[in-house]
Amino acid sequence: MTDYKDTLSLPKTDFPMKGNLARREPDMLQRWQEQDIYARIRQHRAGRKKYILHDGPPYANGDIHLGHAVNKILKDIIVKSHSLDGLDCPYVPGWDCHGLPIEHQVEKKIGKAGARVDARTFRDACREYARKQIARQNTDFQRLGVLGDWDNPYLTMNYRTEADIVRALGRMIEAGHLVRGFKPVYWCLDCASALAEAEVEYQDKQSPAIDVCFPVVDEDDLFGRAPGQCEDRGEGPVSVVIWTTTPWTLPGNQGVAFNPEFEYVVVQCESQRGRERLVLAEKLATSALHRYGMEDYRVLTSLKGTDLEGLQLQHPFYASHVPVILGDHVTLETGTGAVHTSPGHGVDDFNVGQKYGLPVSNPVADNGCFRDDTELFAGEHVFKANSHIIEVLIDRMRLLVETTVLHSYPHCWRHKSPVIFRATPQWFFSMDSRGLRAGALTAIGEVRWTPDWGSQRIYDMVNERTDWCISRQRTWGVPIAVFVDRQSGELHPDSTRLTELAAQKIEQSGIDGWFDLDPAELLGEEGGSYEKVTDILDVWFDSGVTHATVLEADGRLAFPADLYLEGSDQHRGWFQSSLLTSVGIRNQAPYRGVLTHGFTVDAKGMKMSKSLGNVIAPQKVMQTLGADILRLWVSATDYRNEMNVSDEILKRMADAYRRIRNTARYLLANLDRFDPDTDCVSAGDMLELDKWVLLETARLQEEIIRAYGEFQFHLIYQKLHHYCVVTLGGFYLDIIKDRMYTLQRRSLARRSAQTAMYHIAEAFVRWLAPVLSFTADEIWQHMPGQRPESVFLEEWYQEFPAVTIKDHWPRVIRVREEVSRELECLRTEGAIGSSLDAEVQLYCSGADRIALDYLGDELRFVFITSSADVYGETERPDDARQSELDGLWIKVTASAHAKCVRCWHRCEDTGVDPAHPELCGRCVLNVTGAGETRHFA
RNA sequence: CUAUGCUUGGUUCAGAUGGUUAGAACGACUGCCUGAUAAGCAGUAGGUCGUGGGUUCGAUUCCCACAGCAUUUUCCA
């Protein structure tokens with residue numbers, strides 16, 4: 001048998017089938033860095049319209065997790081796809097550097113500021129710690145294939161940025177949003193310091209539980225509020241009863257809260273103390289009276305909570321009167337349905353107290369002892385004062401009963417000792433005094449939110465939030481660089497100018513420039529009458545004002561941003577802190593659009609946690625499967641919901657990746673030695689099938705570009721993969737194999753297919769680039785023809801030849817599916833193996849007939865059978881089988897002809913040429929003659 | 001406890017002013033090919049569209065409740 005293999009044109013390429021991504025991506029990354037690809041893109045896009053995606057700064061602590069990876073990859077996909085749109089898309093990554101978590105890490109290493117080390121040393125250590133964390137995260141982010149200005153990120157701890165944060169605060173002050181107030185915070189008596197919520201842990205604690213009488217000042221007022229006439233008012237003192245586990249908060253009492261919806265009763269009862277009348281929640285009355293040993297009682301009248309608002313009560317041991325107020329936080333779980341309210345000692349109490357304008361009295365000093373001016377209890381430690389307070393209550397006949405209760409109570413995580421709530425002076429941005437809330441709500445309506453429910457979500461949050469407490473009594477942060485009058489506590493009247501002067505100091509030497517500052521330096525002679533505030537800013541302010549400290553201040557970027565993109569938790573975090581400060585400063589949102597993504601969860605939808613053992617580390621994925629697999633997963637997953645990930649899901653992604661990669665490889669292999677400058681066939685000369693695939697490709701590209709624009713990446717993945725599998729693999733590429741392999745290398749028909757594949761490859765590599773960045777770059781290196789150094793410098797491919805066809809193809813494809821099914825029957829019977837062993841006869845009429853006849857003798861190439869003939873529907877023999885298509889009958893048979901060793905078709909003319917007894921006529925023509933001609937497939 | 005969102009075959013996604021047998025692809029299974037070969041092609045089997053109500057001639061699609069999950073938030077006097 002003669003070997004005709006040399007006469008074939010088989011695919012050939014150096015592009016490896018296996019990605020080996022984990023091993024090769026780092027090399028490619030290094031090349032990108034060496035060619036400084038990010039800078040080259042900036043040069044290429046200079047002068048183009050800008051698209052600003054502003055990076056939300058991750059916190060500079062710990063290695064990146066999968067959520068970080070998702071976030072950065074989504075950003076990178078958007079930046080790269082918009083760059084393909086022809087826009088100039090700078091990407092400046094940033095880090096959030098100040099704050100408590102870093103302080104904790106540093107405390108573990110060198111001890112607390114002010115204790116073992118001075119504040120300055122401590123801050124230096126924090127700065128150094130943050131720097132190291134950033135370096136680690138920076139490396140990992142780059143490893144993901146994210147392109148950006150990684151050598152020049154923005155850091156909130158850069159001196160210039162620290163100064164600009166102070167300047168932004170100055171602008172908030174200028175706009176009048178900064179106010180001073182009191183707020184209860186967790187306070188550790190052992191630390192003598194406020195605690196952040198993260199520093200509090202709950203443990204069981206034994207506490208006293210007491211029922212205390214608050215006598216009603218005006219009995220007539222009480223009964224007058226009752227509906228209808230109350231004939232029997234009973235006799236004895238009348239009191240509202242409260243239940244509390246913190247007797248020491250009674251000196252701070254400012255009111256008694258009732259639930260507006262509950263029914264309350266006034267009962268007549270009797271004990272050793274004599275006859276008296278008590279006000280209790282109806283549903284708790286029996287159990288409470290039982291507790292007091294007052295089994296016999298009668299209800300005199302009942303009232304609703306709302307009826308009691310404003311009723312004056314006598315404080316149990318002070319001369320003052322306190323009002324009845326209403327609050328939804330009052331429950332029927334325990335107690336009496338009336339809650340003693342001390343705004344200086346509880347968040348609920350504080351909030352409801354704010355509503356009623358109750359004073360925030362805080363009689364407790366830093367050391368946990370009552371202040372000197374506290375009547376009866378001056379100097380006593382709060383917990384030790386409990387028993388004294390109870391004695392006083394007994395003495396004044398205010399105590400009904402004392403028990404103890406075991407309950408969960410907040411403790412200091414360091415000292416394990418119970419903490420208290422204590423009101424302290426703090427700085428706030430007022431939501432309403434200068435219209436901050438109203439302005440923010442308006443601005444929300446002018447932003448495009450993706451998904452759209454984000455708008456409602458942040459609206460509700462802003463609408464209902466309380467004033468923003470921006471002060472922290474901490475060390476590692478940007479100072480609230482203001483002076484207050486020692487007497488009045490008011491801000492210095494020239495604060496705007498002073499803040500700018502402070503900013504200049506900070507710009508020189510960082511935040512220590514403020515902490516080291518002698519007030520006289522800025523205030524001169526009046527320095528003595530003002531106090532330098534040393535509170536620092538909530539870190540949310542640092543990141544919240546990047547629209548000013550970065551977008552406005554950094555020449556690479558611009559204000560406002562086109563897009564902020566973060567996890568959905570940031571509706572309460574960065575999106576809101578950015579919105580409030582931007583509206584506060586210039587009454588405008590800092591972003592035109594906001595996109596949120598869900599959190600990564602495991603295959604069952606459960607959050608990732610060490611205890612569940614379902615954590616997937618991005619570093620590990622990159623080291624095993626490669627960054628492109630991770631990127632493909634991010635793109636394939638609908639980020640609007642939770643994003644499921646597991647080893648199985650990633651394996652599926654790796655499978656899909658291989659298909660995409662191999663499709664590219666096959667295109668490249670068929671373009672072996674193809675020179676687009678000289679070998680492309682003109683649009684008019686191309687074969688019908690090739691024209692069809694180009695039109696399909698151009699149509700798909702439109703869909704892909706639209707999906708990129710709409711941030712619908714998971715659709716892109718689906719379309720792309722479907723295109724590889726169905727359009728190309730299962731149809732086009734399968735059909736053209738015969739033409740590519742057996743026709744003469746330079747024949748028009750073969751060049752036509754190559755022309756199509758060349759255009760496909762050009763478009764395809766660009767579709768891939770935003771997602772499979774490493775792979776796209778690798779493909780780019782193997783593409784034929786002269787081209788720029790990187791696909792990332794490119795725009796979408798627009799050079800598709802203008803072709804037109806009679807589009808009978810959809811119908812042909814349907815028929816082909818039916819033929820495949822019939823062939824499978826024959827194959828199962830063992831009559832044929834390859835489809836080329838078969839001959840097909842079709843019987844149909846109408847449009848089907850027209851479509852099939854159109855392809856004439858070349859229909860068999862579409863079916864990949866040795867022959868395919870079309871007859872009228874009425875001509876069908878009895879053994880033709882009806883297909884699922886109306887009016888289409890199919891008969892397939894095994895060919896009786898000899899197989900051509902070169903093209904594998906079975907033809908009646910195989911062996912007609914004595915010189916080539918194993919070849920069919922077609923192959924003889926292609927090997928020794930002028931070559932065959934094709935028009936359709 | 002608050003607010004928001006999600007729930008379609010083993011996996012990832014489509015879908016419809018509500019209307020005939022709910023679509024793909026992957027994976028699985030069964031074969032074919034050996035000229036994309038740790039590839040390629042074909043066929044087959046998988047879903048009562050989270051549960052329960054309601055509206056309707058008819059709901060997976062609209063409404064309500066519930067469950068689970070996620071983010072968020074509050075509280076435990």
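Since we're looking at a predicted model, the values are computed, not measured. So you know, we letter chains A, B, ... as the sequences are listed, proteins then strands, and number each from 1.
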### Message
Taking donor-acceptor contacts at under 3.5 Å, does the side chain of A/Q718 reach the base of B/U12?
### Response
yes
### Message
Regarding A/N641, tell me which of base, sugar-phosphate or nothing describes its non-hydrogen contacts under 4.0 Å with the strands shown.
### Response
sugar-phosphate
### Query
B/C62 and B/A45: how far apart are their C1' atoms, nearest whole angstrom?
34 Å
## Note on the structure
Separation of B/C75 atom P from A/F350 atom CZ, nearest Å, is 12 Å
### Task
Using the C1' atom as the reference point in each nucleotide, state the distance between B/A77 and B/U4 in Å, no decimals.
30 Å
### Query
Using atom P of each nucleotide, how far apart are B/A16 and B/C26 to the nearest Å?
23 Å
### Query
Looking at A/H345 versus A/W248, is the centre-to-centre ring distance below 6.0 Å?
yes
## Note on the structure
As its Watson-Crick or G-U partner within any shown strand, both distances under 3.5 Å, B/C32 has B/G40
### Query
Looking only at atom P, what distance separates B/C33 and B/A42, rounded to whole Å?
15 Å
### Task
Please measure how far the P atom in B/G31 lies from the corresponding atom in B/A36, and state the result in whole Å.
23 Å
### Task
Can you tell me, in whole Å, how much space there is between the C1' of B/U60 and that of B/G47?
11 Å
### Task
Give A/K651 one of three labels, base, sugar-phosphate or nothing, depending on what nucleic acid heavy atoms sit under 4.0 Å from its own.
nothing
### Task
State yes or no: are the ring centers of A/W767 and A/Y708 separated by less than 6.0 Å?
no
### Message
If you go through the side-chain atoms of A/R457, does one of them form a donor-acceptor pair with the base of B/U71 closer than 3.5 Å?
### Response
yes
